[in-house]
Amino acid sequence: MSLDATVVCVWLMSGFDRPLHYRLPDSMVENAEPGSLVNVPLGRRQTIGLIVEKDCQPDLPLMQLKLVLNLVYPVPVMTPALLKLGAWLRQYYGASIQNVLETMIPGPVRQGMRAKEEKYVSAVKEADAETLAALEKRAPKQAELYQFLAQQFRPQKKSLVLSRLDASPAAYTGLLKKGLIKEEARKVERVAYDDELGDVEYASKQEIVLNDEQDACYRSIAESVRAGKFTTHLLYGVTGSGKTEVYIAAMEEALKAGKSVLFLVPEVALTPQTVGRLRSRFTEHKDAHAVVWHSSLSDGERLDAWMALATGTARVVVGARSAVFAPLPNLGLVIVDEEHEPAFKQDETPRYHGRDVAVYRSFLENVVCVLGSATPSLESYRNVKLGKYKEDRLTKRIDDRQLPMMHVVDMRIEMMRTRKPVTISNLLAEKLRDRWEKGEQSILFINRRGYNASMLCNECGHVEECKHCSIPMTFHRSDNTLKCHLCGHEAEPPWRCPECKSDSIRGKGSGTQRIEDVVKSILPRASVVRIDTDTMGKKHLFREILGDFRKGKIDLLVGTQMIAKGLDFPNVTLVGMVDADLSLHVPDFRANERTFQLLVQVSGRAGRGDLAGEVVVQTFTPHAEPIQFARRGEVDEFLEVEIQSREQFQYPPFRHLVRQVFRSRNGDKAMFFAEQFARKVEARMGNKIEMRGPTPCSIEKMKDHYRFHIWYFTQNVSGLMRVLKEVEAEVPLPKDVMQIFDVDPMSVS
DNA sequence: AGCACGCCGACT
DNA sequence: GTCGGCGTGCTC
């Protein structure tokens, strides 16, 4: 064996959580690169793996290394920066190699599916009458086929021709052998987006004219793009201030420099307007060609899109969070629209946050990252204040439309007046009637998040909170207890409100169905349509309803917050919101933030032309901060106050939450190991972490097993993960004790 | 994750 | 005697 054998380090797809070394056969030394997918032998089977390093030091003698079998694709499926990103994901989110590869490489690519080819046929124009006549006698089917093809101007799909003429493959091959027809294979370009976003109006390709503010933002971003250094910009622009134009201008800047662009949206289906505009702008861009990446692509479409990106055919990706791993070889700009949206967070391992990964990828690629929002997340806003991000602001709405007037209806007073439960307040009912009479449209949002989950006093708005964690406790109807989902603390549900001694403290909320009925009794002759999860499931129905609403066939749309996102209806002058405070009472550190974002988002939907819209918010807690700040349109002020309170209580999101769960049938045993584990971690991390559990209150009994939770709060996730791995090696867990990791910078519910 | 090896109980 | 349960350990 030669001494200069090339050794590669490979990440295996088969749940083997350690890199292994292989030798490259001479024939592959040229083509196999870091990022190449390869087949390798493992034991006596064969598995697929990813080369992460070339020319590396093996931890075994050379002769014990096996040879790489073959390359799955001639080109690498991951760029060097993506390989680094993968290593980071593994470390930061405590994910296994398999997890990481499954997340970063789409299934059809992993399985080595090739681009679909279709055969096309055309007639060769040299057949003379003589041969034709002979053909007609001896092989009528072939003659028929030939004549059909001779009439066509362009090559036809083989399968289509055969089925149309009801011809057998035998006749076809006969013709082929005679040389009368010729066949060519064409790669099929599957166009992914047409059905999905078909009803989106295509924005005209007119030149974008930026107003002064937009231009200033654009120039700030363009300057960073030209500087070619990692910089994060927060494009902080009120609803309707025209962030998309700034994005487009910035994208063109990057494209002009020959770079590619990654554009992330929270959910493709919920941002059809933005996606539609980008697509129509870049699909036929000279050589940029946009790819839309989302969950409902078929395998073939996914593979084609991936290949188009990997080979540089397409230089723009617009997609949901998983598009952050798009294999763009020459990245120049990353944009995250609506960066505050929770949809960027993945809720399975690896529990990554699309925005955070986007920022980190930008860092690795040394490019500009733009985060856009009308209501920035606390962490992004704070990063601006800390000087980590640059801020670009858009303060004016593009059409100079006034922000809508927001009325806050105190439902406690409403209930006292009528002496019975109220769904729609007098004010809201009045305004709904008024709009209907004027022929204007309204939207009614029903906030169902946290329905019946918390104890709320109907008199004073008091909500039961955990005495340890200061988050709302969750009401469990099954065993009639209140539980804290953070520390596991349990309590008896109170009979009377501890604040005002009223006995009307209970879980609260009204279903969409009931609200629809009430609304129909208020507006008996209006056309009222309800949108809920059932409707959302059926895409066509959903689109149809939205289409009808836009056309004015529907007077009032009733639905949950899913209709608040990204949709713009020009004729809506009233937006009502029922149970606005429900999302305040879900056991989540972001409850305030979410509620505020929702209110701001909803307000942005009201108003038409120069006519300011109106918003009616019904709530039991009119003085809650998110509601008050939203009413006055004070976004910065809200964020400042919220950040201050976070700093005071040392809550996430300024530190990360790492959750470790020990699961076992044997309660005592799992408890023992959990405690041992926790103590060792604490000893090593010192004051770099704060822990909760394991204590009696962090035990959760499931059907046949127990779960012990340890929560670590830290700013040093990587350090903690390393320590966790060390302790894991030191204290091997018995087989009947299972351990689950969870890194979660976002939600603590 | 697979897939072997291996050590025990229950069958023709 | 062997077939098959799944516990343990290894894979460059």
Side-chain angles (χ1 to χ4, degrees), chain A residues 1-73 76-78 83 86-87 89-91 93-113 346 348-352 661-666 669-670 673 704-705 721 724-742:
Chain A
M1 185 178 308
S2 64
L3 286 168
D4 59 337
T6 313
V7 175
V8 287
C9 182
V10 179
W11 277 15
L12 269 12
M13 274 301 302
S14 50
F16 190 70
D17 207 21
R18 222 192 65 200
L20 294 183
H21 297 282
Y22 288 87
R23 271 188 308 122
L24 278 182
D26 292 343
S27 62
M28 286 170 63
V29 173
E30 285 284 298
N31 296 321
E33 288 299 323
S36 296
L37 268 192
V38 285
N39 284 309
V40 290
L42 176 67
R44 41 190 76 188
R45 51 207 165 105
Q46 175 186 326
T47 184
I48 200 164
L50 181 80
I51 298 184
V52 291
E53 209 188 324
K54 204 175 168 182
D55 299 313
C56 46
Q57 280 298 316
D59 46 9
L60 281 175
L62 256 185
M63 36 222 297
Q64 281 179 41
L65 301 189
K66 287 189 185 170
L67 284 167
V68 172
L69 292 171
N70 62 292
L71 272 171
V72 180
Y73 297 104
V77 299
M78 276 207 203
L83 289 171
L89 276 177
R90 182 155 100 100
Q91 152 91 337
Y93 291 103
S96 65
I97 281 180
Q98 196 183 12
N99 274 166
V100 172
L101 293 184
E102 277 170 359
T103 315
M104 296 184 72
I105 309 171
V109 178
R110 262 181 283 139
Q111 285 141 31
M113 197 176 126
Q346 177 147 77
E348 7 181 291
T349 26
R351 301 182 142 242
Y352 70 93
V661 184
F662 292 83
R663 202 189 118 154
S664 176
R665 281 161 179 268
N666 182 337
K669 206 164 166 185
F673 279 96
D704 58 342
H705 62 266
M721 293 311 290
L724 288 175
K725 287 265 153 84
E726 278 168 29
V727 175
E728 196 183 354
E730 197 178 301
V731 196
L733 293 177
K735 247 191 50 205
D736 54 340
V737 181
M738 252 183 61
Q739 191 203 176
I740 304 152
F741 279 129
D742 208 359

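Note on naming: letters A, B, ... go to the chains in the order of the sequence lines (proteins, then strands), and numbering restarts at 1 for each one.
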List, with names and distances, any nitrogen or oxygen atoms from the protein found under 3.5 Å away from nitrogen or oxygen atoms belonging to nucleotides 9-12 of chain C.
residue: C:dT11; atom: O3'; partner: A:G43; partner atom: N; Å: 3.1
residue: C:dC12; atom: OP1; partner: A:P41; partner atom: O; Å: 3.4
residue: C:dC12; atom: OP2; partner: A:K66; partner atom: NZ; Å: 2.4
residue: C:dC12; atom: O3'; partner: A:H21; partner atom: O; Å: 2.9
residue: C:dC12; atom: O3'; partner: A:K66; partner atom: N; Å: 2.5
residue: C:dC12; atom: O2; partner: A:H21; partner atom: N; Å: 3.0
residue: C:dC12; atom: N3; partner: A:R18; partner atom: NH2; Å: 3.3
residue: C:dC12; atom: N4; partner: A:R18; partner atom: NH2; Å: 2.6

Exercise for the section: Examine distances only and state if a side-chain atom of A:K725 and a backbone atom of A:G94 form a donor-acceptor pair shorter than 3.5 Å. Expected result: no
Handout entry: Sequence-distant partners of A:D55, side-chain contact (heavy atoms from CB on, under 4.5 Å), two or more places apart
Key = A:T6
Exercise for the section: Name all residues meeting the side-chain contact (heavy atoms from CB on, under 4.5 Å) criterion together with A:Q46; count only those two or more places apart in sequence or in a different chain, and write none if there are none. Expected result: A:N39, A:L69
Problem - Inter-residue atom distance A:N70.CG - A:N31.CG, 0.5 Å rounding - result: 12.0 Å
Handout entry: Partner residues of A:P106 under the side-chain contact (heavy atoms from CB on, under 4.5 Å) criterion, sequence neighbours left out
Key = A:P108, A:V109, A:W293, A:R302, A:W306
Practice task
Using chain A heavy atoms and a threshold of under 4.0 Å, write down where along DNA chain B the contacts begin and end, 5' to 3'.
Solution key: B:dA1 to B:dA4
Exercise for the section: Scan A:V52, A:L37, A:L83 and name whichever one has a side-chain contact (heavy atoms from CB on, under 4.5 Å) with A:M78. Expected result: A:L83
Practice task
Between A:Q98 and A:R44, just flag the one whose closest nucleotide in DNA chain B comes earlier from the 5' side.
Solution key: A:Q98
Problem - Partner set under side-chain contact (heavy atoms from CB on, under 4.5 Å) for A:R18, not counting sequence neighbours - result: A:F16, A:L20, A:D59
Practice task
Check whether any side-chain N or O of A:K54 sits under 3.5 Å from a backbone N or O of A:A32 as a donor-acceptor pair, and report yes or no.
Solution key: yes
